[in-house]
Amino acid sequence: MKRDHTRVFPEIEEYRELLEIRHLRAKNHFVIALLGIGAVGTVVYMALSAYSASQILPLAVGFFALILVNAACLAYGRENVRFNQLNKYVTTFGVFGLAVAMIFVFQSPSMLSLLFIAYALAAFYQDRKVMFISNVLLLFMFLALMTNYRDFFSVANESLENDLGLFFYVIIFISLLTISQYIMIKQKGFFYNQIAISKETEFRNIDFMIDSCERATGKRIAAKGYFTALSAFAKAVSARIGIEDAFAAKIAILKDLEAGAARDRILADHPELNADALVRLSDLLFTNTHKLRKVALKISRAQAVDVHRREIFSETQFKTFNHPSDSLEIKIVAFAIFYAALKKGTSGMRPLSEKEIYDAIVHTDYYYYNDPGVMRIYRENSAVFDAIARDAFAAEAKK
Amino acid sequence: MKNFLRRVMNSDFLPMNEVRKIKVVLVMAFLLVVTAATIAFAFFFDYSLAVKIVVMGVFALGSVVIFLLVRINRIMAAIHVSIIYTIALTLFYTQGTDSFYAYLFFYISLTVIVFYQELYIFLSYGTIVFGLGFYYILVNRGNLVAATDIPGSAYAYLVLLGIFYAIFLLQSLHNEKIYTDLNLEWVKLNHVIGTYQDFTLFHAEEIRKKSGESPLYEDVAFRKAVDELAVFVCEQLKDRGKDITNVLDLYIYIHERGLPKIIENDELSVATKKIANRLDKYLLNRRTDMVSILMNFHTRFRATEPYRSNRYEYHLGRLAPAYDEQVIALALVYRYLANEPTAFDQWGQPEKTMSHEEICQLFAAPEMEEFLSDGQIAFFKENADLFAEHLGRKG
């Protein structure tokens, strides 16, 4: 049965992309630096080896143009992230183009490695599309050069063994590079994914905590007291600065928002305010599960955690039912407890339906929280699991 | 095989140790292909037949060792053996033939080493391979250059191998930095989430006690469901399902007695204590991994605000760019911290609010970079008395 995996929280996709772009810019700096070193090295070597200016100039211009495009994309990438994406593809084509140009200029077997270096440079981006382009370019260029310009790569001891070995091991090398890149890209995705999931988990856990606290204690934030104190504070601050109360208008808007007034009415009452500013101000609400309350709760825990470096790479940090050190029996028991608890529900956590559980476990990251064997049994027998749980809990309900 | 390929395709969902295992298996498959090809290429090599047979035997043994190490879950050892195997292959080729293609093995070895994405492995084995390549080029440069080659072409081999090594070294260093930072952020986040869950669990327990329900682990129906589910899965996987009931009994017993007493009990076997220790993280009477996973899983089914681009933004300077809004935000946060309980008090109740001094200390801490702008912190310091007077806790 085919299983399409989705993320446990659909909200995290944009944040994952944001993380990717943030690191992509750092990678671009490395690529520019490496291109710069390559340009200087090539030009110096050619000048010392007495190559003519007509041979040096095109390569120097090629390097310079590629560095310029990189720098421009990096600058425009601040305004529009698509420039960062564009840069990856332009640079990939650019480095392979330069490698081939150098192979033609130098016509030496030693220059074959330039294709591998072009691949390694493009691999810096750790991007699936770049990887695909690099593979195609590397394979195509190698075959085209070996077929049509075999004499570029003629060495002292030509033999059938050498030809066979060269073709076979370059193909093997490209396959290895592809597999290696593919897994590294996936590995990077895992880290971005974990951070994004944790951000969303935190967001939702704060909501969960606030709800359970209000349900257990029956207490809610008294907004009135907050506004009274805030107004008094605002007046005192204004008096100290020596101006009229500069905060009154915004506090009035916040009061209206807190009271649940219609946004159109607030905008009509405050013509100086536009819709965007109103949305921004709504982030300063502090009751229920509003943003500012989340900020305050997060601030209150800022010093509560002290993470030691040795903890960072500890596998035990990863909460799962599939710890390698656990026996199969423990993994089975863990999944059985998890499943039964979801079915039964507890205070604050409603019982979940079989469809909800099945979809979330089989089609999201949670699949990999469990032993593959246990998951296969659940996937193939979810109806049996459901029947066992229903039978057990129905008997209790009848009592 | 199908299952393995599916795991490769979904490796972005897998934790580090699982991905490492996949990497070793892939390298092992690659080495098997190369070793098989080596049998054919060995006919061209300069070694005697006996040496060729012995070396192929050693490679076969190497494959078996990697396979066994993967089976017994000694992944790091398997990684080392697979790299040594690759270097041995490189040496076998470079010493056995003076053909140009043998030089490619230095690139192949470096790619295998960088594949594992472990900095110290790259620094040690990668440097060894680069050193071997350096030596090989110097010794065999006569075989690598063309009759009419560029000036200093032997050095071009050296430089290009060096650049290849340097690019991957740089990539490894950069990845190491990124992953360390991300990992640190992730661990911190998980700890913070744990503190929220401590509160949630406390309140959930209060609600349960008020409703007169028994704890989950004491609930007869729950125990029955767990028992039958576990036996069912066990029977499907291991033919006999009865053994697992002992593990379940122990699981319930830990709830009743507590792990320390079980560990201290001389009548219990070491094996039982070991199982008890491993089961401890799945208990239901405190915030264990099990409780955390259950809570996190449940949050998926809770209604949540629609996504906005600043969903995970907690910096007041960025949430409220206007100066007056920043002051209001800071004042409301202060009021919240001073008046609402945000931590457990000395009696273990979630009733502790922060004093003015504690808030001052908190706002001066370096951790506040994540939440407050320099301007906000300076404003707070200058007007701390007004904060305390108008927004502080009364009574």
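Per chain, numbering begins at 1; letters A, B, ... match sequence-line order. Keep in mind that this is a model prediction, so the values were computed, not measured.
At a 4.5 Å heavy-atom cutoff, the contact between B:Leu160 and chain A is made by backbone and side-chain atoms alike. Heavy atoms closer than 4.5 Å to chain B are found in both the backbone and the side chain of A:Val170. For A:Ala234, no part sits under 4.5 Å from any heavy atom of chain B, backbone or side chain. For chain A, no part of B:Val27 is nearby; none of its heavy atoms comes within less than 4.5 Å. Both the backbone and the side chain of A:Tyr169 come within contact range of chain B, with heavy atoms under 4.5 Å apart. Neither the backbone nor the side chain of A:Tyr378 comes within contact range of chain B; no heavy atom of the residue lies under 4.5 Å from a heavy atom of that chain. Contact of B:Leu294 with chain A is made through backbone and side chain together, with heavy-atom distances under 4.5 Å. Only the side chain of A:Leu34 comes within contact range of chain B, with heavy atoms under 4.5 Å apart. The parts of B:Val192 that come within reach of chain A are both its backbone and its side chain, each placing non-hydrogen atoms under 4.5 angstrom from that chain. In this structure, the portions of A:Ala123 lying under 4.5 Å from any heavy atom of chain B include both its backbone and its side chain. For A:Ser300, the parts lying under 4.5 angstrom from a heavy atom of chain B are both the backbone and the side chain. Only the side chain of B:Leu216 comes within contact range of chain A, judged by heavy atoms closer than 4.5 Å. If you measure heavy-atom distances from A:Ser175 to chain B, you find no contacts under 4.5 Å at all. For chain B, the nearby part of A:Leu328 is the side chain; its heavy atoms alone come within less than 4.5 Å. Looking at A:Glu200, the atoms closer than 4.5 Å to chain B (heavy atoms on both sides) sit in the backbone and in the side chain alike. If you measure heavy-atom distances from B:Tyr93 to chain A, the contacts under 4.5 Å come from the side chain alone. With a 4.5 angstrom heavy-atom cutoff, B:Leu104 touches chain A only via side-chain atoms. When heavy atoms are compared at a cutoff of 4.5 Å, A:Leu352 approaches chain B solely by way of its side chain, counted from C-beta outward. Heavy atoms of B:Ile178 lying under 4.5 Å from chain A belong exclusively to its side chain. Using a 4.5 Å cut-off between heavy atoms, B:Leu26 touches chain A through its side chain atoms alone. For B:Glu370, the part sitting under 4.5 Å from any heavy atom of chain A is the side chain, from C-beta outward, and nothing else. Contacts between A:Arg240 and chain B at a heavy-atom distance below 4.5 Å involve the side chain alone, from C-beta outward. Heavy atoms of B:Phe105 lying under 4.5 Å from chain A belong exclusively to its side chain. Residue contact with chain B, scored on non-hydrogen atoms closer than 4.5 Å, is absent for A:Leu48. In this structure, the portion of A:Asn193 lying under 4.5 Å from any heavy atom of chain B is its side chain and not its backbone.
In this structure the side chain of A:Ser212 never reaches within 4.5 angstrom of the side chain of B:Phe202, judged on heavy atoms. In this structure the side chain of A:Val384 never reaches within 4.5 angstrom of the side chain of B:Gln236, judged on heavy atoms. Side-chain atoms of B:Arg335 and A:Leu230, non-hydrogen and from C-beta on, never get closer than 4.5 Å to each other. Between B:Tyr312 and A:Glu11 there is a side-chain heavy-atom pair separated by less than 4.5 Å.
To the nearest 0.5 Å, atoms OH (A:Tyr369) and CG (B:Asp289) are separated by 10.5 Å. A distance of 12.5 Å separates CZ of B:Phe301 from CE of A:Met349, quoted to the nearest 0.5 Å. Between the CD1 atom of A:Ile330 and the CZ atom of B:Arg278 there is a distance of 6.5 Å, given to the nearest 0.5 Å. Atom-to-atom distance recorded for B:Leu161:CG and A:Ser110:OG is 12.0 Å, nearest 0.5 angstrom. With rounding to the nearest 0.5 Å, the separation of CE in B:Met368 from CD1 in A:Ile299 is 5.5 Å. Between atom CG of residue A:Asp283 and atom CG of residue B:Asn310 there is a gap of 5.0 Å, rounded to the nearest 0.5 Å.
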After noting the C-alpha distance and the side-chain angles of B:Glu185 and A:Lys199, does the key distance pass the salt bridge (Lys or Arg N to Asp or Glu O under 4.0 Å) rule?
-> CA-CA 10 Å; B:Glu185 191 182 345; A:Lys199 290 268 180 194; 3.5 Å; yes

For the pair B:Phe222 and A:Ile337, evaluate side-chain contact (heavy atoms from CB on, under 4.5 Å) and give the outcome as yes or no after the intermediate values.
-> CA-CA 8 Å; B:Phe222 175 76; A:Ile337 296 161; 3.9 Å; yes

Checking side-chain contact (heavy atoms from CB on, under 4.5 Å) for the pair B:Leu182/A:His23: CA distance, chi angles, key distance, verdict?
-> CA-CA 11 Å; B:Leu182 289 178; A:His23 292 121; 4.0 Å; yes

Stepwise side-chain contact (heavy atoms from CB on, under 4.5 Å) test for A:Arg280 and B:Glu325 = CA-CA 10 Å; A:Arg280 203 179 64 233; B:Glu325 290 168 16; 2.9 Å; yes

Take A:Leu292 and B:Tyr336 through the side-chain contact (heavy atoms from CB on, under 4.5 Å) test and state the conclusion after the steps.
-> CA-CA 9 Å; A:Leu292 203 66; B:Tyr336 189 92; over 6 Å; no

Go through A:Lys344 and B:Asp219 one step at a time and tell me if the salt bridge (Lys or Arg N to Asp or Glu O under 4.0 Å) criterion holds.
-> CA-CA 10 Å; A:Lys344 169 101 174 102; B:Asp219 186 281; 3.6 Å; yes

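Annotation: maximal heavy-atom pairing with chain A below 4.5 Å, among B:Asn383, B:Leu189, B:Ile293, occurs at B:Ile293. Of the listed residues B:Glu389, B:Arg223, B:Glu305, the one with more heavy-atom pairs under 4.5 angstrom with chain A than any other is B:Glu305. Across B:Thr195, B:Thr299, B:Asn339, B:Asn73, the residue that shares the most heavy-atom pairs under 4.5 angstrom with chain A is B:Thr299. Most heavy-atom pairs under 4.5 Å with chain B, from the set A:Ala302, A:Ala334, A:Ser180, A:Ala341: that is A:Ser180. In terms of non-hydrogen atom pairs under 4.5 Å with chain A, the most contact-rich of B:Asn296, B:Val34, B:Ile163, B:Leu248 is B:Asn296.
Both tests pass for B:Arg311 against the ring of A:Phe203: distance under 6.0 Å to the centre and angle within 45° of the axis. The cationic group of A:Arg301 does not satisfy the cation-pi geometry with B:Tyr314, failing either the under 6.0 Å distance to the six-membered ring centre or the 45° limit from the ring axis.
Two rings, from A:Phe233 and B:Tyr334, have their centers 6.0 Å or more apart. The ring of B:His174 has its center closer than 6.0 angstrom to the ring center of A:Phe30. Two rings, from B:Tyr282 and A:Phe321, have their centers less than 6.0 Å apart. Between A:Tyr366 and B:Phe297, the ring center distance clears the sub-6.0 Å criterion.
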